[in-house]
Amino acid sequence: MSVLVEAVVTSVRLVLQGSEEFWNVIAVTFEVAIISTIVGVLLGTPMGFLMGATRFRGRRTMIALTNTGMAIPPVVIGLLVMMMLSRKGPLGFLGMLYTVNAMSVAQTFISTPMIAGLTAAAVASIPYKLRLQARSLGASPWQEALLVIKEARLGVVAAVAAGFGAVVRGVGAVMMVGGNIEGKTRVLTTAIVQESRKGEFGTSLAYGIILMTVTFGLNGLITWYQHSSERLGRV
Amino acid sequence: MSVLVEAVVTSVRLVLQGSEEFWNVIAVTFEVAIISTIVGVLLGTPMGFLMGATRFRGRRTMIALTNTGMAIPPVVIGLLVMMMLSRKGPLGFLGMLYTVNAMSVAQTFISTPMIAGLTAAAVASIPYKLRLQARSLGASPWQEALLVIKEARLGVVAAVAAGFGAVVRGVGAVMMVGGNIEGKTRVLTTAIVQESRKGEFGTSLAYGIILMTVTFGLNGLITWYQHSSERLGRV
Amino acid sequence: MSRPQSGTGLPLRAEGVRKEYDKRVVLDVDHVEIESGQTLALLGPSGSGKSTLLSILGLLEPPTAGQVYLDGKPVSTKDTAARAQMAAAFQSPYLFKGTVADNVAYGLKLRRMPVAGRREAVAEALERVGLGGWESRSALTLSGGEAHRVALARALVLRPRVLLLDEPLSSLDPLIKMQMMQDFARIIREETMTTLYVTHDQSEAMAVGDVMVILREGKAVARGHVDDVMGLPPDEWTACFIGSEPPFRGVVIESDEGLTGIDVGGPIVWATGTLAPGTRVLVGIRPEDVLLFESGVEIPTTTARNQMAGTVTAMQLLGVMYHVVVDIDGVRLASRVSRASVREMQLERGSEVQVIFKATAVRVKPQEDGRDS
Amino acid sequence: MSRPQSGTGLPLRAEGVRKEYDKRVVLDVDHVEIESGQTLALLGPSGSGKSTLLSILGLLEPPTAGQVYLDGKPVSTKDTAARAQMAAAFQSPYLFKGTVADNVAYGLKLRRMPVAGRREAVAEALERVGLGGWESRSALTLSGGEAHRVALARALVLRPRVLLLDEPLSSLDPLIKMQMMQDFARIIREETMTTLYVTHDQSEAMAVGDVMVILREGKAVARGHVDDVMGLPPDEWTACFIGSEPPFRGVVIESDEGLTGIDVGGPIVWATGTLAPGTRVLVGIRPEDVLLFESGVEIPTTTARNQMAGTVTAMQLLGVMYHVVVDIDGVRLASRVSRASVREMQLERGSEVQVIFKATAVRVKPQEDGRDS
Amino acid sequence: GGQKAEAPDESPGEPVVETSEVILASTTSTEDSGLFGEIIPAFEEAYPQYKVSVVAVGTGQALEIGRNKDADVLLVHAKSDEEEFVAEGYGIERRDVMYNDFIIVGPESDPAGIKGETDAKKAFEAIANGKHLFVSRGDDSGTHKREMSVWKAAGIEPAGDWYNSIGQGMGDTLQFASESEGYTLTDRGTYLSMKGKLDLVIAVEGDPLLLNQYGVIVVTDANNLEGGQAFADWVVSPEAQDVIAKFGVAEFGEPLFVPNAK
Ligand SMILES: Nc1ncnc2c1ncn2[C@@H]1O[C@H](COP(=O)(O)OP(=O)(O)OP(=O)(O)O)[C@@H](O)[C@H]1O
Ligand SMILES: Nc1ncnc2c1ncn2[C@@H]1O[C@H](COP(=O)(O)OP(=O)(O)OP(=O)(O)O)[C@@H](O)[C@H]1O
Ligand SMILES: [Mg+2]
Ligand SMILES: [Mg+2]
């Protein structure tokens with residue numbers, strides 16, 4: 001598989017040469033991924049808590065909707081966001097289309113349902129009595145929610161990892177609202193698509209390798225954190 | 001947003017007219033999604049159990065790798081699978097490229113890490129003593145694993161939903177190894193991409209609406225099952 | 001105990017609380033109240049609704065019907081402020097992930113106590129439950145009893161106005177149990193905490209409880225001062241539950257120099273105290289106050305005023321001791337007899353014995369008409 | 001109890017089992033064994049290693065060192081087959097999601113029992129724990145005691161050869177506790193199950209246990225027949241733990257017609273049985289066999305052979321009864337006295353009393369040299 | 001007006017040149033040919049006040065973007081659509097910029113025996129009659145439209161197993177054809193740039209029917225009208241035409257595009 005070799009070589013070369021161009025792609029890629037993950041966490045965890053740890057009418061529908069949200073093709077999200085941000089669209093005046101911010105917005109629509117849906121399942125596994133115990137010690141609803149999320153940490157962190165993965169991998173949306181503009185909105189995934197379209201499989205995979213390497217690094221940290229609780233012994 | 005209106009109208013029309021063409025797209029879409037999800041479950045849940053409920057050297061690395069697997073862009077997976085199946089590739093003799101099976105294979109690489117990683121987190125939340133209790137009642141390792149997965153049901157099902165979502169949404173891989181051949185390997189997502197390339201945003205969204213509707217139906221079932229345990233009361 | 005008016009300053013009071021789970025009534029208590037600084041011991045068989053009542057009084061579960069009052073003001077599960085004055089330790093210790101210290105400090109953190117003071121308070125609370133210096137141990141790998149004690153410390157450390165304990169000592173050995181019971185009794189008095197103490201162990205109830213409520217299938221079948229309830233159980237079931245025989249009715253026939261003779265229909269029972277002859281009374285004697293001797297033995301009445309002949313009608317081994325029921329011309333008395341004595345006296349159903357108990361051991365209660373009779 | 005040879009047919013035996021958690025030794029027992037059909041009562045304070053020992057014997061946790069034998073064959077946590085002959089109920093009931101029936105039937109399902117028989121067995125087991133007809137109730141919303149009983153039924157229903165129970169009754173009220181204790185005693189005998197019974201309640205231990213091991217900080221400080229251990233605790237700590245005083249040493253001075261007089265250094269203690277004069281013995285008396293009377297009271301020696309004057313040196317309220325320690329020229333005896341008697345006799349430290357106990361209540365053990373002395 | 005963006009090569013000290021962004025919507029095949037790598041820098045050198053952002057999409061999408069005024073200027077190759085676009089008033093005017101030509105490529109084995117054929121219609125007929133595998137982009141791109149017009153001219157309604165419409169970019173389509181040993185219609189530029197990785201050879205070329213005319217359109221009252229106008233004017237200017245003429249010679253030994261601005 002000469003291509004694989006070529007890919008590895010290219011990836012190394014890209015990193016070592018490190019053209020401004022290249023670093024810009026890296027920067028934009030993770031800026032967008034991290035921003036949209038963080039916003040996704042801020043929006044998703046509360047939603048997840050509501051769906052997983054409380055009872056209200058239409059809760060199941062909300063859960064089903066969220067799970068469906070996990071399945072919306074990025075292209076569709078991209079289209080919708082694009083129509084919003086288009087000069088003809090309601091938010092056109094912002095002139096945000098084909099900017100990094102537009103990409104972050106679109107990606108947030110991808111990360112949020114992911115994080116919400118999986119957080120819901122995680123917090124639902126925390127025994128209700130534990131929450132009563134917290135209440136009985138004077139925990140306010142907020143503090144109780146915080147505790148539950150801390151207790152469900154393993155699952156919640158996995159949810160975040162999945163959300164991060166979804167935004168890192170999703171290309172359709174950023175392609176659509178970012179435009180893959182060289183030096184501006186080009187990210188690793190769009191570069192990968194473009195290269196493979198050009199038949200530059202080696203380069204395409206090279207970008208893939210770089211993306212995966214960085215992601216692996218980040219996941220290493222996450223896993224380390226996620227399981228740091230294990231020093232407390234098996235429960 | 002006239003486009004949205006157009007989209008809704010078109011989606012209804014597509015369904016009502018129901019050309020053979022169209023139903024074939026639907027059929028292939030969910031054949032691939034369901035097959036790759038099922039295989040993903042068969043491969044992912046055992047992996048998830050190992051990572052979440054057992055201790056072995058390199059376990060954390062495996063978890064980090066799996067989480068990274070959740071982030072591999074479908075295009076990359078598509079590329080790799082394509083290189084495998086390419087006439088010049090090692091599995092070329094199978095002549096599988098540009099077939100529905102090729103798509104299922106590629107999608108399985110997407111669903112498996114997703115399901116494995118999230119299952120791991122879910123089963124890790126089951127108290128170890130509960131497993132000892134099962135053992136003490138005579139459960140074999142297999143039966144014990146089964147029990148743990150049943151106990152972690154909420155999380156595991158969420159994992160499956162996420163895996164299903166990932167294959168439903170991911171377009172890069174099927175585009176690459178399926179080729180989006182009209183009447184053969186075209187699926188909803190590839191159709192969506194194609195229409196948006198043409199600037200047929202209405203039609204594109206129409207397909208999106210159809211995809212989401214069916215997915216919502218399936219998720220309704222899943223949610224209903226996932227929470228049927230609630231009749232047992234809050235724990 | 002007569003029912004107090006609404007709005008009195010009783011720290012904790014509930015009226016007409018009922019709890020149903022899918023139509024099944026598991027709790028239905030028309031009123032329950034604890035006076036300031038007092039401890040209410042809540043007894044009852046498994047499944048009688050003790051924990052349910054506790055979580056309703058703790059504003060943790062809303063009752064299906066009824067109202068809880070804190071200092072006379074109606075309160076509900078919504079009142080976080082009201083709940084902040086309480087602290088509970090549940091039947092099973094739901095410890096949070098983290099260290100023992102994290103757990104004990106939780107409530108203090110919520111109350112924004114400065115770290116220094118917190119550390120001190122935690123150390124003291126742990127000391128109190130016999131886990132001094134365990135701060136940094138993981139809370140997840142404790143033994144059953146240790147976990148329970150941490151949960152207990154977690155509530156005690158808050159020095160709440162209202163303390164709710166659900167079988168706090170059930171998983172501890174007698175040694176530390178006794179020690180902690182006395183410790184409780186002390187701090188509860190010191191801090192004048194108003195306490196609900198759920199237990200299924202009478203000796204615990206008697207050691208820490210001022211008043212006592214016995215639940216049976218969700219209903220309060222007995223309430224009152226601990227000694228009253230234990231000495232004069234209102235009915236057959238309660239008596240059986242607290243391991244004695246139901247009290248019997250009698251009439252005072254004479255009473256002078258602090259001694260009262262009571263005709264219980266057959267033997268005359270001598271009790272301390274003075275009562276007008278003719279008074280109808282209820283008479284109860286705790287089994288542990290009743291001694292059995294072979295018939296024909298002479299015991300000076302100075303020691304044990306009451307001496308009568310009876311027949312053993314029932315025997316049951318309760319671990320260390322036997323529970324022996326003796327019939328004295330129709331009056332049933334229970335006695336605790338050691339295994340050794342049973343062996344030596346060759347006790348069995350039908351054996352003739354001499355029943356001996358002291359005047360001071362006899363509980364007498366002038367009989368108001370109504371539910372007691 | 002002398003140490004048996006390896007390979008004997010003892011159903012369950014362990015040698016030199018030690019368990020460490022991050023370098024902390026929590027269990028270190030050089031040997032423990034249960035004879036076929038017997039029940040070993042495992043006592044010890046909280047954190048002494050009872051549950052740890054149980055899960056090691058149950059092949060659930062591997063010991064840091066040592067070996068477990070089933071029928072003389074060494075077994076490990078890997079031996080699913082060996083474990084299949086055992087069943088355990090843990091200290092806290094880890095119930096599975098599902099109904100009560102699902103839980104109780106779990107082990108039977110694993111053993112591929114046909115549905116019909118299963119249903120029947122489940123019903124019977126539930127009946128046995130006083131939850132007859134609860135099959136379809138959710139296991140997740142049971143009360144503490146109910147959950148424990150389901151966990152118990154889940155183990156009992158398997159009629160295992162080796163039964164491991166960790167404080168099975170600690171969360172139950174005396175009434176059902178007694179009833180179930182007798183029930184156990186019966187079925188364990190009927191089914192000749194070999195049972196490890198962890199508890200912190202002596203009366204429980206005495207009711208169900210044949211032999212007994214007391215753990216202290218991971219070490220076995222006392223082992224032997226239940227009555228021996230309870231009657232003649234080997235040391236101060238054990239005595240204190242089981243709520244009596246340590247036995248005292250004495251020499252037989254005369255012995256005829258089944259009565260033996262023992263000089264315990266001061267008073268002469270009379271016991272039943274015959275022993276050669278000059279024999280050095282250990283003497284123990286359970287507190288519940290010791291009666292206290294005001295000094296100067298005459299009691300015929302026919303009833304209570306031993307009568308001596310003493311001074312109260314310590315008093316402690318144990319709920320219903322007081323634990324009173326009396327000194328008889330240097331010999332310390334404990335006695336259980338009811339609250340009433342204490343009130344009447346105005347007992348307090350220093351009170352002069354008459355100590356009375358029966359010859360049959362005196363446990364005598366010829367003293368082998370070595371660890372007992 | 002328009003969005004402000006800093007020049008990338010801005011460093012402290014130098015006076016900051018306020019640049020405005022010009023969004024150029026074009027096709028993936030154009031971008032993939034690498035042409036923009038040559039002409040954009042040249043333009044930005046000539047007009048430092050502008051910075052060009054290329055959004056490369058399908059032709060149809062490019063026109064749609066123009067209709068939404070999300071682009072300032074278009075460089076596409078679907079003449080009739082472009083004229084319609086202008087006629088509808090979405091664009092100010094359309095000007096020819098350059099052309100390259102389409103070619104029919106196929107497997108070395110050439111099962112349809114069309115190698116050397118110069119008449120595209122005949123070649124298509126041969127393929128259709130022999131039901132030889134043909135790969136169509138099927139994405140309404142300029143290339144696709146041209147393919148359809150050839151079929152039309154040949155009086156054939158392409159359909160059947162042999163006719164694969166895959167709705168993808170040129171690169172993907174060539175890849176597909178190479179893998180499945182089929183024929184396809186491609187622009188020379190993309191073919192040359194991928195030649196090395198393909199098992200495809202040129203079968204038919206030189207038919208006037210296969211000329212591929214590129215046009216530039218300034219979007220009516222675009223967000224950055226001046227910029228768009230400036231680019232359009234520049235790209236048809238002699239110096240730009242010169243850059244185009246030279247592009248590709250170095251790499252492929254022949255130019256990829258022939259400038260033909262009037
Ligand atoms: N969520 C619930 N759904 C249905 N029934 C319930 C629920 N919670 C409790 N019950 C039932 O209510 C009854 C009382 O429960 P509770 O926990 O108060 O008993 P308890 O007196 O504390 O018993 P124990 O001494 O065993 O703890 C029990 O029969 C229990 O099965
Ligand atoms: N996983 C673990 N890690 C560290 N220490 C442990 C672990 N499990 C148990 N221990 C410690 O070992 C000691 C013995 O535990 P064990 O559960 O056997 O006590 P126990 O006799 O059952 O006490 P209890 O009567 O309270 O249940 C305790 O001090 C406990 O803290
Ligand atoms: Mg309870
Ligand atoms: Mg234990």
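Numbers restart at 1 for each chain; the letters A, B, ... are given by sequence-line order, proteins then strands. Computed from a predicted model, the values in this text were never measured in an experiment. Keep in mind that the numbers below use all heavy atoms, side chains included, and drop hydrogens, waters and symmetry copies.
- Residues of residues 190-198 of chain B lying under 4.5 angstrom from chain E, judged on non-hydrogen atoms, are B:Q194, B:S196, B:R197, B:K198 by number.
- Other residues, nucleotides and ligands place more than 12 heavy atoms under 6.0 Å from the CG atom of E:N129.
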Below 3.5 Å, can you tabulate the donor-acceptor pairs from side chains in residues 191-204 of chain E to any protein atom, sequence neighbours excluded?
residue : atom : partner : partner atom : Å
E:Y191  : OH   : E:L200  : O            : 2.7
E:S193  : OG   : E:G189  : O            : 3.4
E:S193  : OG   : E:T190  : O            : 2.7

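- Heavy atoms of E:S141 lying under 4.5 Å from chain B are absent altogether.
- Of the possible polar contacts, one joining the B:N180 side chain to the E:I166 backbone as a donor-acceptor pair under 3.5 Å is found.
- Separation of atoms OG (E:S136) and CD1 (B:I181) is listed at 12.0 Å; rounding is to 0.5 Å.
- The structure places CE of B:M176 at 13.0 Å from CZ of E:F176, a figure rounded to the nearest 0.5 Å.
- With sequence neighbours excluded, the residues forming a side chain to side chain contact (heavy atoms under 4.5 Å, CB included) with B:A122 are B:A152, B:V156, listed by chain and number.
- Within 6.0 Å of atom CD in E:E251, 12 or fewer heavy atoms from other residues, nucleotides or ligands are found, so the atom counts as exposed in its surroundings.
- At a 4.5 Å heavy-atom cutoff, E:D172 makes no contact with chain B through either its backbone or its side chain.
- Residue E:S178 holds its OG atom at 5.5 Å from NZ of B:K88, rounded to the nearest 0.5 Å.
- E:E125 meets the side chain to side chain donor-acceptor pair (under 3.5 Å) test with no other residue; sequence neighbours excluded.
- Around the OH atom of E:Y163, the shell of radius 6.0 Å holds more than 12 heavy atoms that belong to other residues, nucleotides or ligands.
- The number of heavy atoms from other shown groups lying within 6.0 Å of CZ (B:F22) is above 12.
- Proximity of a side-chain donor or acceptor of E:E179 to a complementary backbone N or O of B:L97 within less than 3.5 Å is not detected.
- In this structure, the side chains of B:F201 and E:Q61 come closer than 4.5 Å at one or more pairs of heavy atoms.
- Heavy atoms of E:N68 lying under 4.5 Å from chain B belong exclusively to its side chain.
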